[in-house]
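Quick note: numbers below take in every heavy atom, side chains included, and nothing from hydrogens, waters or symmetry partners. Owing to the predicted nature of the structure, the values given are computational and were not obtained by experimental measurement.
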Amino acid sequence: MPLLFHPARRRARNLSALALGLLLVTACSGDGNGGSSAPQSSGSPSAASLDGLVRASGIRTAGAGSSKFAVTSSTSVGAQEIVFAGEGSFDYVARTGSLTFEVPGAGADGGPGAIEQRVIGPDLFLSLPKQPLVFYKLMVSDVAATPLGNSIDPTAVLQTLAAVTTVRSVGPAQVRGVETTRYAGEYDAKAALDQAQGSAKTILQTALAGSDVQKVPFDVYVDDRGRLVKFDQRIEVPASPQNGGQIVTSALSVELFEFGFPVTV
């Protein structure tokens with residue numbers, strides 16, 4: 001797969017995979033009710049109630065069954081920045097979905113190139129920029145530790161909410177025309193690692209190796225039915241031998257919309 005692993009770009013992509021690995025944990029498969037209303041409280045909610053509300057939003061979102069999604073991630077290594085952005089749809093129950101996104105430097109002229117990916121359970125099918133009609137079959141686990149891993153499952157961020165340690169209310173905000181409440185907080189990186197399973201655990205173990213990152217800041221936007229409609233976070237990984245002695249800064253934004261959208265792959 002020369003477009004993804006060209007030697008001239010390998011070091012930058014490895015460093016971006018390191019930072020993006022922090023963003024991935026296994027998707028929540030809880031049995032929450034997607035139609036439930038978010039908890040309400042009078043006056044100023046307690047910290048404990050806000051923590052519980054944000055944790056519950058992951059379960060309620062998974063209970064919605066499916067949605068469209070948009071994901072944008074960027075990684076800065078020194079003066080170099082790598083950005084990935086795409087949109088698609090995903091079935092949370094069947095674990096199937098598709099996404100089309102741009103990869104910097106993957107085009108025939110050295111510019112951006114579009115990649116289409118289709119996930120069917122444990123299988124990942126990729127169509128590359130120079131061969132749009134040819135799909136390469138891989139296991140999802142094969143690309144879990146690469147920059148592609150961040151887009152395999154848009155609901156992967158839901159499980160991080162179970163590791164929330166602090167939450168505060170920021171206020172009302174609109175996301176794609178939907179009225180939401182924005183909350184800011186932190187989750188425990190070690191707790192997220194402990195509860196992760198499968199390839200997600202491997203990704204986190206690799207990302208955290210040699211790093212002292214303990215708390216990860218995030219912002220979530222929750223609708224009036226208690227569902228997560230946007231997740232933002234920014235992580236700074238300290239310089240270490242694993243990342244070439246440079247500070248790696250990464251940002252992730254995932255938006256979930258049109259819940260219940262019929263997904264066909």
task: Flag the pair Ser98 / Val119 as yes when at least one side-chain heavy-atom distance between them is below 4.5 Å, and no otherwise.
output: no
task: Could you walk me through whether Glu255 and Arg176 pass the salt bridge (Lys or Arg N to Asp or Glu O under 4.0 Å) test, one step at a time?
output: CA-CA 9 Å; Glu255 295 183 3; Arg176 294 180 179 262; 2.5 Å; yes
query: Any Lys/Arg nitrogen of Arg234 or Asp232 sitting under 4.0 Å from an Asp/Glu carboxylate oxygen of the other?
result: no
- prompt: Can Lys215 and Asp188 be said to form a side-chain contact (heavy atoms from CB on, under 4.5 Å), step by step?
  reply: CA-CA 5 Å; Lys215 304 293 183 181; Asp188 187 291; 3.2 Å; yes
message: On a heavy-atom basis, which atom in Pro129 and which in Ala114 lie closest, and how many Å separate them?
response: CG-O, 3.3 Å
field: Heavy-atom check, side chain of Val229 versus side chain of Val222, under 4.5 Å
entry: no
- prompt: Taking side chain as C-beta onward, heavy atoms only, is Thr181 less than 4.5 Å from Ser169?
  reply: yes
field: Point-to-point distance, once rounded to the nearest 0.5 Å, from NZ of Lys137 to CG of Leu124
entry: 11.0 Å
message: Any non-hydrogen side-chain atom of Asp219 less than 4.5 Å from a side-chain atom of Arg182?
response: yes
From CA spacing to verdict: side-chain contact (heavy atoms from CB on, under 4.5 Å), Lys230, Ser253: CA-CA 7 Å; Lys230 187 177 181 181; Ser253 180; 3.6 Å; yes
Interatomic spacing from OG1 in Thr72 to CZ in Phe84 - rounded to 0.5 Å: 11.5 Å
task: Looking only at non-hydrogen atoms, find the nearest pair between Leu99 and Gly86 and report the distance.
output: CD1-C, 3.5 Å
Derivation of the side-chain contact (heavy atoms from CB on, under 4.5 Å) call for Phe101 and Val71: CA-CA 9 Å; Phe101 64 102; Val71 57; over 6 Å; no
field: Contact check, side chains of Met139 and Asp123, non-hydrogen atoms, under 4.5 Å
entry: yes
statement: Looking only at heavy atoms, the pair that brings Pro132 and Ser127 closest together is O-OG, 2.6 Å
- prompt: OG1 of Thr100 to CZ of Arg118: how many Å apart, nearest 0.5 Å?
  reply: 8.5 Å
Smallest separation among heavy atoms of Ser74 and Val83, with atom names: CB-CG2, 3.9 Å
message: Counting C-beta onward and ignoring hydrogens, is there a side-chain heavy-atom pair between Ile120 and Phe125 closer than 4.5 Å?
response: yes
query: How about Val134 and Leu128: do any of their side-chain heavy atoms sit closer than 4.5 Å?
result: no
Set of side chain to side chain donor-acceptor pair (under 3.5 Å) partners for Gln174, sequence neighbours left out: Glu179
query: Are any of the side-chain nitrogens in Asp91 or Arg95 under 4.0 Å away from the carboxylate oxygens of its partner?
result: no
field: Donor-acceptor contact below 3.5 Å, side chain Thr165 vs main chain Glu186
entry: yes
field: Check: Ser57/Tyr183 side-chain N/O donor and acceptor closer than 3.5 Å
entry: no
Using distance only, find each side-chain donor-acceptor pair of residues 256-265 under 3.5 Å and give its atom names and separation, not counting sequence neighbours.
none

field: Residues that, via side-chain heavy atoms closer than 4.5 angstrom, fall in one hydrophobic cluster with Leu133
entry: none
query: Between atom OG1 of Thr160 and atom CD of Gln233, what is the distance when rounded to the nearest 0.5 Å?
result: 6.5 Å
task: Could you tell me whether the side chain of Phe231 reaches within less than 4.5 Å of the side chain of Phe218, counting heavy atoms only?
output: yes
message: side-chain contact (heavy atoms from CB on, under 4.5 Å), that's the test. Do Ser67 and Tyr92 meet it? Break it down for me.
response: CA-CA 8 Å; Ser67 73; Tyr92 308 163; 2.6 Å; yes
message: Once rounded to the nearest 0.5 Å, what's the spacing between atom CZ of Phe69 and atom CD of Glu87?
response: 9.0 Å
- prompt: If Ile, Leu, Val, Met, Phe, Trp and Tyr residues are connected whenever their side-chain heavy atoms lie under 4.5 Å apart, and connections chain through other members, are Ile115 and Tyr136 in the same group?
  reply: yes
- prompt: Does one hydrophobic cluster hold both Phe135 and Val140, with members joined at side-chain heavy-atom distances below 4.5 Å?
  reply: no
field: Rounded distance [0.5 Å steps], CG in Leu228 versus OG1 in Thr180
entry: 9.5 Å
